[in-house]
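Take a look at the structure below.
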Amino acid sequence: MSEQASSALLEVNGIEVIYNHVILVLKGVSLTVPQGAIVAILGGNGAGKTTTLRAISNLLKGERGEVTKGSIEYRGERVQDLGPAELVKRGVVQVMEGRHCFAHLTIEENLLTGAYTRRDKGEIAANLERVYNYFPRLKERRRSQAAYTSGGEQQMCAIGRALMSNPRVVLLDEPSMGLAPQLVEEVFNIVQSLNANERTTFLLAEQNASVALKYAGYGYILESGRVVMDGSAEVLAGNQDVREFYLGMGGDGRKSFRDVKSYKRRKRWLA
Ligand code: ATP
């Protein structure tokens, strides 16, 4: 995959993450995010997707988690040496799972909180207009309290807020969660436009493999804290195990990786 060969923006090398000093959750995860790519981390509940994103944005401490082995580099610098706010300033921003808009603030006030690392009012106003260009729905709803907006609008607001810090790379946790299929496509289309027009890099964690593989260029499959497979979206989408367990195709009509066949797959992947 040519994207993977270009210069790496993020490099995760064999990280282990432990919560509460005892719970080993990531067991040597490595991945590369090239500049300008859309990379997906796929996997079921509890595979370690969120933990991987939190490790990259240095947000584990608040969860009583720590990276105990390996390293994470952003443009050649160790992220473990940088605080979360410093990372935002340098262009790494995370959109949390579950959206986390401030319910009592309007959409516009929420967006403006994303510019907290910046001072130039003119630039902030220009950035707000740029966000509204990508998310016309947010412009329509700019004066509405976030609490009274739909799930899709809140997801857009969370992404828009992240864009207000002018990021180079956005870590997106489960952008499709709780959204109707049409809205999922709308959100992913915007991600694609941002990637194409602004060269914003995305690392997204998704359980919805079919939509993620449609928009990402490259994917990593995480199972029980380990990367069990990686490849271009095309290669993954054509892989029999991925089709059967993540895309719900084939496999004599079984619909989910969670069914009984997962034992066989685990044996094959973890052997
Ligand atoms: P989901 O889609 O369900 O969020 P995930 O792939 O993002 O799944 P993580 O949230 O990273 O997975 O969780 C990986 C494992 O770590 C799970 O077993 C989870 O119970 C555990 N875990 C996550 N956060 C904590 C925490 N703060 N303290 C202890 N264990 C945690």
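As the structure lists them, so they are numbered: ligands from 1, and atoms in each ligand from 1.
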Distances only, to 0.1 Å: what are the N or O pairs between ligand 1 and the protein that fall under 3.5 Å?
{"from": "ligand 1", "atom 1": "2 (O)", "to": "Lys49", "atom 2": "NZ", "distance (Å)": "3.3"}
{"from": "ligand 1", "atom 1": "2 (O)", "to": "Glu174", "atom 2": "OE2", "distance (Å)": "3.4"}
{"from": "ligand 1", "atom 1": "2 (O)", "to": "Gln207", "atom 2": "NE2", "distance (Å)": "3.2"}
{"from": "ligand 1", "atom 1": "3 (O)", "to": "Asn45", "atom 2": "OD1", "distance (Å)": "2.8"}
{"from": "ligand 1", "atom 1": "3 (O)", "to": "Gly46", "atom 2": "N", "distance (Å)": "3.4"}
{"from": "ligand 1", "atom 1": "4 (O)", "to": "Glu97", "atom 2": "OE1", "distance (Å)": "3.4"}
{"from": "ligand 1", "atom 1": "6 (O)", "to": "Ala47", "atom 2": "N", "distance (Å)": "3.1"}
{"from": "ligand 1", "atom 1": "6 (O)", "to": "Gly48", "atom 2": "N", "distance (Å)": "2.9"}
{"from": "ligand 1", "atom 1": "6 (O)", "to": "Lys49", "atom 2": "N", "distance (Å)": "2.9"}
{"from": "ligand 1", "atom 1": "6 (O)", "to": "Lys49", "atom 2": "NZ", "distance (Å)": "2.8"}
{"from": "ligand 1", "atom 1": "7 (O)", "to": "Thr50", "atom 2": "N", "distance (Å)": "2.8"}
{"from": "ligand 1", "atom 1": "7 (O)", "to": "Thr50", "atom 2": "OG1", "distance (Å)": "2.7"}
{"from": "ligand 1", "atom 1": "8 (O)", "to": "Gly46", "atom 2": "N", "distance (Å)": "2.8"}
{"from": "ligand 1", "atom 1": "11 (O)", "to": "Thr51", "atom 2": "N", "distance (Å)": "2.9"}
{"from": "ligand 1", "atom 1": "11 (O)", "to": "Thr51", "atom 2": "OG1", "distance (Å)": "2.5"}
{"from": "ligand 1", "atom 1": "12 (O)", "to": "Gly48", "atom 2": "N", "distance (Å)": "3.2"}
{"from": "ligand 1", "atom 1": "27 (N)", "to": "Glu63", "atom 2": "O", "distance (Å)": "3.3"}
{"from": "ligand 1", "atom 1": "27 (N)", "to": "Glu63", "atom 2": "OE1", "distance (Å)": "3.4"}

Could you tabulate the donor-acceptor pairs under 3.5 Å formed by side-chain atoms of residues 87-95, not counting sequence neighbours?
{"from": "Arg90", "atom 1": "NE", "to": "Glu86", "atom 2": "OE2", "distance (Å)": "3.0"}
{"from": "Arg90", "atom 1": "NH1", "to": "Glu77", "atom 2": "OE1", "distance (Å)": "2.4"}
{"from": "Arg90", "atom 1": "NH1", "to": "Glu77", "atom 2": "OE2", "distance (Å)": "2.8"}
{"from": "Arg90", "atom 1": "NH2", "to": "Glu86", "atom 2": "OE2", "distance (Å)": "3.2"}
{"from": "Gln94", "atom 1": "OE1", "to": "Ser57", "atom 2": "OG", "distance (Å)": "2.4"}

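- The distance from the OH atom of Tyr220 to the CG atom of Leu31 is 5.5 Å, given to the nearest 0.5 Å.
- Applying the ring-ring contact (aromatic ring centres under 6.0 Å, His included) test to Tyr215 and every residue at least two apart in sequence or in another chain returns Phe188.
- Contact between Thr149 and Arg141 at its shortest, heavy atoms only, is CA-NH2, 3.6 Å.
- Evaluation of the salt bridge (charged side-chain N to carboxylate O under 4.0 Å, His left out) test over residues 181-191, restricted to residues two or more places apart or in two chains, returns Arg137-Glu186, Glu185-Lys214.
- The shortest non-hydrogen separation linking Leu213 to Ala233 is O-CB, 3.4 Å.
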